[in-house]
A.B. asks: 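One structure is given below, represented as structure tokens, and several questions about it will come after.
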Protein chains: 2
Amino acid sequence: MNEIKTNSSRPSKYVCYKLSRVMRKVHRYYESSFSQYGITPAQFYVLSAVWENDGVKFKDLAKSLEMDGSTLTSILDRLERQDLLERRDDPEDRRSLLVFLTKKAKQSIVEITCLAEKLNQEIKERFSEEEYATFERVLEKLSQE
Amino acid sequence: MNEIKTNSSRPSKYVCYKLSRVMRKVHRYYESSFSQYGITPAQFYVLSAVWENDGVKFKDLAKSLEMDGSTLTSILDRLERQDLLERRDDPEDRRSLLVFLTKKAKQSIVEITCLAEKLNQEIKERFSEEEYATFERVLEKLSQE
DNA sequence: TCATAATTATTTGTATACAATTAATGATAT
DNA sequence: ATATCATTAATTGTATACAAATAATTATGA
């Protein structure tokens, strides 16, 4: 009695469900490693993108991360509170603002990036090159329209 | 000037970022279709799992959906408010509770499920069988430990 | 020029997600 | 029998995510 039909549970049939389950799993994996630096995966993506293009416009940052502006505003708030980045006025457009890494962020970003690459490598290594390439190709196609 | 290095933006190198981007995209796709029924994808997963096992225990439901208990509590609150499901006391254990679909939910769940399968099929059709099978295999492996 | 439209970032409200804590209840060991 | 431990669901607090509304600024057209 009280049998639990774990495997036939319907939601697991849908890509959307599968993706969200896997995403959360991988997210937690990254999260637990990043926590030693006091940041979350999403915060790392932002730091990483700003590092690549210091002084980037808010708007371009949101676009490059494919992130909603209001989400980015929240993340910038937290990173600014941690003294990891800084908003400055855009001298060319008073509506716009520019985002810079702080000295503190520049001191740890290389190390954090190494960690991120290590985590990534660990995941990659669990699959054959061909398998993983196909996986990434499907993801890429799904992220387009 | 002000070139935007969209493609070299670092975060896009990481599986975690890619997964979250694709997940959000697919999620929005499901979401826009489900909205006609006034439910979200996550709410659909719950309804779907309860439909498969009406009267399931809260604990087993959370486990089968691999969902944190506190997240499930919130979703049940909203579904109950919409009169789509019902919590009842478990006669065998006063700590536990059982979850049931309402008449209202039973009237629309088949139709919503058809929609979900259609959306799923549309995504599947964009790839070759072999490609998609590999994709699902990688997802499956990633969702395990 | 000046009213209107468009753009930019923020704010607000809702919905997951999850860790940590709590309250109620059940199980166990002595 | 009872003190202790374990389990269950809810609550609280934080962090994405995103739509809709807002305020400030810039662009446009008559």
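Heavy atoms only: backbone and side chains are in, while hydrogens, waters and symmetry mates are out. Convention: sequence-line order gives letters A, B, ...; per-chain numbering from 1.
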A.B. asks: Please state how far atom OH in Tyr45(B) lies from atom C1' in dT16(C), giving the value in whole angstrom units.
C.D. replies: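 Value for this atom pair: 11 Å.
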A.B. asks: With Tyr14(B), which residues qualify under ring pair (Phe, Tyr, Trp, His ring centres under 6.0 Å), at least two apart?
C.D. replies: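 Scan of Tyr14(B) (ring pair (Phe, Tyr, Trp, His ring centres under 6.0 Å), adjacent residues dropped) gives Phe44(A).
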A.B. asks: Ser20(B) or Asp77(B): which one's nearest nucleotide on DNA chain D is closer to the 5' end?
C.D. replies: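 Here Asp77(B) is the residue nearer the 5' end.
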A.B. asks: Looking at every heavy atom in both Leu101(A) and Leu47(A), which two are closest together, and how far apart are they?
C.D. replies: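 In this case the closest contact between Leu101(A) and Leu47(A) is CD2-CD2, 3.8 Å.
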A.B. asks: Take atom CZ of Phe58(B) and atom P of dA23(C), then tell me their distance rounded to the nearest Å.
C.D. replies: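 Spelled out: CZ on Phe58(B) to P on dA23(C) is 18 Å.
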A.B. asks: Under 4.0 Å between a side-chain nitrogen and a carboxylate oxygen: does that hold for Arg87(B) and Asp77(B)?
C.D. replies: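 Looking at Arg87(B) and Asp77(B), the cut-off is met.
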A.B. asks: Under the salt bridge (Lys or Arg N to Asp or Glu O under 4.0 Å) definition, can you give me all pairs with a residue in residues 127-139 of chain B, not counting sequence neighbours?
C.D. replies: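 Output for this query lists Lys18(A)-Glu136(B), Glu131(A)-Arg137(B), Arg137(A)-Glu131(B).
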A.B. asks: Under 3.5 Å, which N/O atoms of the protein pair with N/O atoms of nucleotides 19-21 of chain C?
C.D. replies:
residue: dA19(C); atom: N6; partner: Ser70(B); partner atom: OG; Å: 2.9

A.B. asks: If I take atom NZ from residue Lys104(A) and atom CD1 from residue Ile109(A), how far apart are they, to the nearest 0.5 angstrom?
C.D. replies: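 One gets 12.5 Å once the value is rounded to the nearest 0.5 Å.
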A.B. asks: What is the distance, to the nearest angstrom, from the CZ atom on Arg24(B) to the P atom on dA17(D)?
C.D. replies: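 So the CZ-P distance, Arg24(B) to dA17(D), works out to 5 Å.
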A.B. asks: Does a side-chain N or O from Ser74(A) land closer than 4.0 Å to OP1 or OP2 of dA17(D), or not?
C.D. replies: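 Ser74(A) to dA17(D) OP1/OP2: no side-chain N or O under 4.0 Å.
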A.B. asks: Ring pair (Phe, Tyr, Trp, His ring centres under 6.0 Å) with Tyr37(A): which residues, sequence neighbours excluded?
C.D. replies: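 Once residues adjacent in sequence are excluded, Tyr37(A) has no partner under the ring pair (Phe, Tyr, Trp, His ring centres under 6.0 Å) criterion.
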A.B. asks: State whether Arg78(A) places a side-chain N or O below 4.0 Å from either non-bridging phosphate oxygen (OP1 or OP2) of dA15(D).
C.D. replies: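 Checking dA15(D) against Arg78(A), a side-chain N or O does come within under 4.0 Å of OP1 or OP2.
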A.B. asks: Below 4.0 angstrom from OP1 or OP2 of dT10(C), is there any side-chain N or O of Thr73(A)?
C.D. replies: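 Yes, within the criterion.
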A.B. asks: Is there a path from Leu139(A) to Val15(A) through hydrophobic residues (I, L, V, M, F, W, Y) whose side chains come within less than 4.5 Å of each other?
C.D. replies: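 Yes; Val15(A) is reachable from Leu139(A) via cluster members.
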A.B. asks: Is there a side-chain polar atom (N or O) of Arg94(B) under 4.0 Å from OP1 or OP2 of dA24(C)?
C.D. replies: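 Negative; the distance criterion is not met.
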A.B. asks: Identify whether the distance between the nearest side-chain nitrogen and carboxylate oxygen of Lys57(A) and Asp90(A) falls below 4.0 Å.
C.D. replies: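 Salt bridge present between Lys57(A) and Asp90(A).
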A.B. asks: Pairing of DNA chain C as dot-bracket, 5' to 3': ( ) intra-strand, [ ] crossing, | other strand, . unpaired, with Watson-Crick or G-U pairs under 3.5 Å?
C.D. replies: ||||||||||||||||||||||||||||||
A.B. asks: What integer distance in Å separates Asp89(A):CG from dT8(C):P?
C.D. replies: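 Atom CG in Asp89(A) sits about 16 Å away from atom P in dT8(C).
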A.B. asks: Over how many whole Å does the gap from Met67(B) atom CE to dC18(C) atom P extend?
C.D. replies: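 Going from Met67(B) (CE) to dC18(C) (P), I get 9 Å.
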A.B. asks: Starting at CG of Leu97(B) and ending at P of dA23(C), how long is that distance when rounded to a whole Å?
C.D. replies: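 Nearest whole value for this atom pair: 19 Å.
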A.B. asks: Find the distance Arg87(B):CZ to dA9(D):C1' and express it as a whole number of Å.
C.D. replies: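 Taking CZ of Arg87(B) and C1' of dA9(D), I get 9 Å after rounding.
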A.B. asks: Assign Arg21(A) to base, sugar-phosphate, or nothing according to its heavy-atom contacts below 4.0 angstrom with the strands shown.
C.D. replies: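 Nothing, no nucleic acid heavy atom in range.
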A.B. asks: Below 4.0 angstrom, N of the basic side chain to O of the carboxylate: do Arg88(B) and Glu86(B) qualify?
C.D. replies: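 Between Glu86(B) and Arg88(B) there is a salt bridge, with a charged N closer than 4.0 Å to a carboxylate O.
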A.B. asks: Give one of base, sugar-phosphate or nothing for Leu72(B), where a contact means two heavy atoms less than 4.0 Å apart.
C.D. replies: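 Leu72(B): no heavy atom of the nucleic acid under 4.0 Å.
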A.B. asks: Please write out each protein N/O paired with an N/O of nucleotides 1-7 of chain D under 3.5 Å, distance rounded to 0.1 Å.
C.D. replies:
residue: dT7(D); atom: O2; partner: Arg95(B); partner atom: NH1; Å: 3.1

A.B. asks: I need the Ser64(B) OG to Tyr45(B) OH distance, nearest 0.5 Å.
C.D. replies: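 Answer rounded to 0.5 Å: 13.5 Å.
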A.B. asks: What is the distance, to the nearest angstrom, from the OH atom on Tyr30(A) to the P atom on dC18(C)?
C.D. replies: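 After rounding, the gap between these two atoms is 17 Å.
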A.B. asks: Consider only side-chain heavy atoms of I, L, V, M, F, W and Y, link residues closer than 4.5 Å, and tell whether Tyr30(A) and Ile39(A) are in one cluster.
C.D. replies: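 Yes.
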A.B. asks: Over 60° means perpendicular and under 30° means parallel, so tell me whether Phe135(B) and Phe135(A) are parallel, tilted or perpendicular.
C.D. replies: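 Correct class here is parallel.
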A.B. asks: Looking at Ser96(B), I'd like to know whether one of its side-chain N or O atoms comes within less than 4.0 Å of OP1 or OP2 on dA9(D).
C.D. replies: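 Checking Ser96(B) against dA9(D): at least one side-chain N or O falls below 4.0 Å of OP1 or OP2.
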